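One structure is given here, and the rest of the page talks about it.
A quick note: this is a predicted structure, and the numbers were derived from the prediction, not measured.
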Amino acid sequence: GGAYASYEHHWTPSFRSTVEAGLTTILSDRKKDNADAYKLGVYGKGNLMYWFTEHASVGVEYGTGLRKNAGDKKDAESAQHIKAMFTFKI
């Protein structure tokens, strides 16, 4: 199962930010025998977008997440991303 939540804030008519977080778990007994099977994941991300027209924007985003496998005896593995974005919608 899992869940996520997000919130978008409009700073001005042109600038918007979104923050998002999520959690996913797999609770299958069949997965316990496979040490590499996915067990738990959590992530969070945020962005800042500039809408220079009604249909187009540019922005940046940062995200981070953790993954834990069924057989992990150690801390969860982590990953981060930073990206630049261009969005166009019709």
Side-chain angles (χ1 to χ4, degrees):
Y4 81 96
S6 66
Y7 171 74
E8 182 176 89
H9 182 77
H10 294 237
W11 301 99
T12 70
S14 297
F15 282 98
R16 302 176 191 172
S17 291
T18 304
V19 292
E20 185 174 315
L23 167 73
T24 304
T25 61
I26 307 272
L27 302 174
S28 172
D29 287 336
R30 295 185 320 228
K31 301 286 185 185
K32 290 180 183 176
D33 295 334
N34 182 355
D36 291 330
Y38 182 91
K39 180 180 178 183
L40 170 71
V42 265
Y43 76 93
K45 63 182 180 176
N47 64 36
L48 176 63
M49 303 295 292
Y50 172 66
W51 289 85
F52 55 92
T53 74
E54 185 179 339
H55 299 284
S57 68
V58 294
V60 295
E61 179 176 277
Y62 173 77
T64 186
L66 299 171
R67 175 187 170 137
K68 188 147 179 85
N69 289 340
D72 284 351
K73 304 280 189 237
K74 59 181 177 143
D75 292 336
E77 298 295 327
S78 66
Q80 290 82 37
H81 75 261
I82 298 173
K83 64 182 176 181
M85 299 177 291
F86 171 75
T87 304
F88 179 80
K89 60 182 182 177
I90 298 174

*Please lay out, stage by stage, how Leu40 and Leu23 fare under the test side chain to side chain contact (heavy atoms under 4.5 Å, CB included).*
CA-CA 7 Å; Leu40 170 71; Leu23 167 73; 3.2 Å; yes

_For Thr18, is there any backbone N or O sitting under 3.5 Å from a side-chain donor or acceptor partner on Asn47?_
yes

*Could you tell me whether the side chain of Trp51 reaches within less than 4.5 Å of the side chain of Arg16, counting heavy atoms only?*
yes

*Take atom CD of Gln80 as the centre, draw a 6.0 Å sphere, and report whether it contains more than 12 heavy atoms from other residues, nucleotides or ligands.*
yes

*Where the side chain of His55 meets the backbone of Lys89, is there a donor-acceptor pair that is under 3.5 Å apart?*
yes

_Nearest heavy atoms of Ser57 and Met49, plus distance in Å_ = OG-CE, 3.1 Å

*Can you label the angle between the Phe88 ring and the Phe86 ring as parallel, tilted or perpendicular, going by 30° and 60°?*
parallel

_So, applying side chain to side chain donor-acceptor pair (under 3.5 Å) with Tyr43, which one of His81, Glu20, Arg67 is it?_
Glu20

*Please answer: with hydrophobic residues joined when any side-chain heavy atoms are less than 4.5 Å apart, are Val58 and Ile82 in the same cluster?*
no

*Would you say Tyr4 has more than 12 foreign heavy atoms packed within less than 6.0 Å of its OH?*
no

*asked:* Taking Phe52 as the starting point, is it possible to reach Met85 by hopping between hydrophobic residues whose side chains are less than 4.5 Å apart?
replied: no

*Basic-acidic side-chain contact under 4.0 Å: Lys83, Glu61*: yes

